[in-house]
Amino acid sequence: MIMSRLPGDRITRWFLVAVALGGIIYVCFGLTPSSYGLVLVQIGAPEAGPVAGSARMIRADEWAIATPFFQAAVRNRFQRLNQTSFYREDLRNFYALPLADWSLVFKPEIWAFFLVPPATAFSIYYALFMCGFLAGYQLLFLRLGVPAWLAVATAVMMYFSGLTQFWWTTFAPLISGLPWILLILLASVSWWKKAIVFAWAFPALVLSFTYPMLLLTFGWGSLILILAFRRPLLRSPGDIAAIASGVLATAVALYAYYGDLIPIMRNTVYPGHRISPSGGTPILVVLSQIFPFLTVSLSDYKNLTGENVCEIGAVGAFLPLLTLCLTRYRSLRDDLRTRNTLLILLAGFAVFTLWELAPLPAWIGRILFWNAGASQRWLFTSGFLLTLASLSIWSRNLISVQPFRITLFVLIGPVASLLLKIAWLTHKGEPAEAAFSESLDDILLCGLPVAAGLAAWYIPAVARAPLLVITIALMNVYAFAGFNPLQPAGPIFEVPDTPIVRMLRKEAAASPNGVLVDTSFLGATLNGLGFRSVAHAQMAPNLALFRQYFPAMDRERFNLIFNRYGYIGLKQNAVPELRGAVVIEMPMEAFVPVRNVRRMVLAPA
């Protein structure tokens, strides 16, 4: 048997040691995956940018919002009110910022900010998620009966998938925490011990990044996983009580922490009243769950379909197609347990995929709350279920690694993916030469499984499966590892003293109350640098403040523009305007201070 000959425990131990060692090295060099290098270029310090890779403009919700708020929290000595801000806003928001309040009990990822310098703590913050993701999913797959070597390879595939890497600096807390919640649930311990742990772990997951839509998809995905692998849990009063304790603790913690903010956000135009119908995901994005490089140019990460590169990311790898080609279907037909597991997982995958692709009736979304976010938010869960479906076959050793099957996989997998991509590019109007030129990385990647397939003809049968799986894992690493840069954390928290920074300080010093009116920086970046900037990022709206500056503005239009989460920018507009869903543009003139006031007395002629 291929699976039983491999030293699973030793593989797991060495993998966990390697993950921990990688995290330690990451922190020792003070690295982060931040795209803050764009701000460093803007202030005239490009040499302080990434040591490897490139900062990504599309990751603005990280470099222009999340990271500047971490800077602001440090500058405010971990207090809730942002005293360095023009808006004096509360720093409680859906990011787990280092704030000195009782919520720290549930935020282990930021404890380091109170123990070590902020740059080191920021590196630890991301290193914990990286190690937690790789170790968590490997241990979860192992718990579900997957061989250790395959669990390692699959965890690496998922980490270096498009969705994980494109959204890493936003979604990392949640997608890294999910496997640990499932591991606790599947653990063979007393229900009351689970209840105690869940009373802490559930709020810790939710408070790490309070994004209801993604948490909702995780809940549905976890339910499908339990139905497929551990159905007795749903008939166990003790396990149900343990889950209930976690849910109750989370509800109490959320209300206690965000009680005054929840009504404000619920009444916003965006995201509070956002309605997202089904069917908004391009079909090529769904296909990228089995053809992982179909929708993106690997040379520069340009999206080939969809709104932007982040929205086309999927948990994709060639593992499902490899499984499809290697499965021994006669044995699967006789294995009732695996067939039932597979049926449940694929049914869940099909339902979620239908929501991603098809214009389903609106009442379904209202009843299930699936319309609270874009349909693309289901891509992690649907890809996760498809991966589990593949692993369920491997875990029962229902595969046959014969040369013909390997050849079939190479043809309908990597080769077909390359041809589909070239066909799509030519369909979009690109000349054949340009299409081939843009697919050079794909051609190079295609050569890797071709070489592995040829080698598999001449090596022992026991080594064929690991060779193929490791090959497709390395393909994901090559394709997506370069998206996030290696940015040193030091320049993020120790602002380089450049001529541009000195000029900004001079402007702020000459302005009443130090208010900086500048049009060239995005989001909260100026506030992160320490300036009381009008241009900022609004997490929760402060309508009373904006009404002071625009008292005559129509009530409905005022609410439409300002009652939302978004970027606040200054332009030479005559009136406030809304650009897209999250960009608020205000007239710069309203905030320019009057520097020379004269009193005028008008007498009768």
Side-chain angles (χ1 to χ4, degrees), residues 29-75 84-85 95 97 118-119 122-123 125-126 165-172 296-297 299-303 307-311 313 480-505 507 516 518-531 533-539 565-571 579-580 582-585:
F29 283 96
L31 300 175
T32 74
S34 173
S35 287
Y36 194 77
L38 292 168
V39 181
L40 295 172
V41 169
Q42 194 171 6
I43 64 173
E47 70 284 352
V51 295
S54 302
R56 305 290 172 185
M57 179 68 73
I58 190 62
R59 297 304 304 126
D61 55 351
E62 177 268 314
W63 63 264
I65 296 182
T67 297
F69 274 110
F70 270 92
Q71 293 172 305
V74 171
R75 288 182 182 280
T84 64
S85 169
Y95 294 107
L97 300 177
F122 202 48
S123 183
Y125 173 82
Y126 280 114
Q165 290 302 306
F166 297 162
W167 285 106
W168 182 245
T169 50
T170 298
F171 292 165
V296 62
S297 172
S299 60
D300 57 2
Y301 297 105
K302 180 181 70 176
N303 55 307
E307 182 180 349
N308 59 61
V309 72
C310 294
E311 298 294 351
F480 298 114
F483 182 79
N484 289 302
L486 294 177
Q487 168 65 51
I492 295 176
F493 292 93
E494 296 176 8
V495 180
D497 189 21
T498 66
I500 294 176
V501 172
R502 290 195 292 270
M503 180 191 70
L504 291 171
R505 288 173 180 159
E507 289 181 9
L516 186 62
D518 187 276
T519 62
S520 56
F521 285 77
L522 182 65
T525 52
L526 281 173
N527 182 238
L529 292 169
F531 296 104
S533 169
V534 177
H536 199 35
Q538 174 175 264
M539 309 303 281
Y565 155 88
Y567 300 84
I568 300 174
L570 296 176
K571 297 293 182 182
R579 303 291 183 190
V582 295
V583 179
I584 302 168
E585 293 183 350

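Residue numbers start at 1 and run along the sequence shown.
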- Query: Is it the case that R59 and T170 place a side-chain donor and acceptor less than 3.5 Å from each other?
  - Reply: yes
- Does F531 have its ring centroid less than 6.0 Å away from the ring centroid of F521? no
- Task: Run the numbers on Y125 and F70 for ring pair (Phe, Tyr, Trp, His ring centres under 6.0 Å), then give the verdict.
- Result: CA-CA 11 Å; Y125 173 82; F70 270 92; 5.1 Å; yes
- Message: Is it true that, when you exclude M503 itself, more than 12 heavy atoms of the residues, nucleotides or ligands shown sit nearer than 6.0 Å to its CE?
- Response: yes
Less than 3.5 Å apart, which donor and acceptor atoms pair up between the side chains of residues 482-496 and the rest of the protein, not counting sequence neighbours?
unit_1, atom_1, unit_2, atom_2, d
N484, ND2, Q165, O, 2.8
N484, ND2, Q165, OE1, 3.2
Q487, NE2, A48, O, 3.0

- Message: Looking at S35 and A55, would you say the former's side chain and the latter's main chain have a donor-acceptor pair under 3.5 Å?
- Response: no
- About how many Å separate CG of L40 and CH2 of W63, when rounded to the nearest 0.5 Å? 11.0 Å
- Worked verdict on R502 versus T498 for side chain to side chain contact (heavy atoms under 4.5 Å, CB included): CA-CA 6 Å; R502 290 195 292 270; T498 66; 5.7 Å; no
- Message: Minimum heavy-atom separation for E507 and D518, please, with both atom names.
- Response: OE1-OD2, 4.5 Å
- Would you find a donor on one side and an acceptor on the other, under 3.5 Å apart, between the side chain of S123 and the backbone of L31? yes
- Give a yes-or-no answer on whether the side chains of Y567 and E585 include a donor-acceptor pair shorter than 3.5 Å. no
- Item | Partners passing side chain to side chain contact (heavy atoms under 4.5 Å, CB included) against A524 (at least two apart in sequence or in another chain) | P68, F69, H536, A537
- Side-chain donor-acceptor pair present, N527, T84, cut-off under 3.5 Å: yes
